> 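I am attaching a structure below and will ask some questions about it afterwards.
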Amino acid sequence: MNLTKTGNVLMAVSTVITVGCLVLVFTMERSVAVPFLVLGHAAAMLSAVGVKLGYIIRLEGQARKSR
């Protein structure tokens, strides 16, 4: 398994999810119930963790290549 590619894919998918959640939450703020807004913010925060994990996976892949 290529960790560098896996990390890049994880970061890209997580970034799309994070941006999508934030855009939907802030554009639909007045027409959506508060629990859904909270859920959208929580999903954005959890998907941001995916960006960080993807970066760590990518760094590990690069370290393994350099050895």
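As the structure is a prediction and not an experimental result, all values here were calculated from the model. Side chains included, hydrogens not; waters and symmetry mates left out as well; all remaining heavy atoms used.
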> Is it the case that T18 and S47 place a side-chain donor and acceptor less than 3.5 Å from each other?
yes
> Rounded to the nearest 0.5 Å, what separation is found between the NZ atom of K52 and the CD1 atom of I56?
9.5 Å
> If you measure from CE on M28 to CG on L37, what distance do you get to the nearest 0.5 Å?
9.0 Å
> Out of curiosity, K65 NZ to N2 CG, how far, rounded to the nearest 0.5 Å?
5.0 Å
> Would you say L10 ends up clustered with L3 if hydrophobic residues are merged whenever their side chains have heavy atoms under 4.5 Å apart, either directly or through other cluster members?
yes
> Spell out, yes or no, whether M11 and L46 are grouped together once hydrophobic residues are joined by side-chain heavy atoms under 4.5 Å, including indirect joins.
no
> Search all heavy atoms of T4 against all heavy atoms of Q62 and return the closest pair with its distance.
OG1-N, 3.7 Å
> For V23 versus T27, what's the shortest heavy-atom pair and its separation?
O-OG1, 2.7 Å
> Could you tell me the separation between the CG atom of L39 and the SG atom of C21, rounded to the nearest 0.5 Å?
8.0 Å
> Could you walk me through whether H41 and V25 pass side-chain contact (heavy atoms from CB on, under 4.5 Å), step by step?
CA-CA 7 Å; H41 280 91; V25 165; 2.9 Å; yes
> Is any side-chain heavy atom of V51 less than 4.5 Å from a side-chain heavy atom of Y55?
no
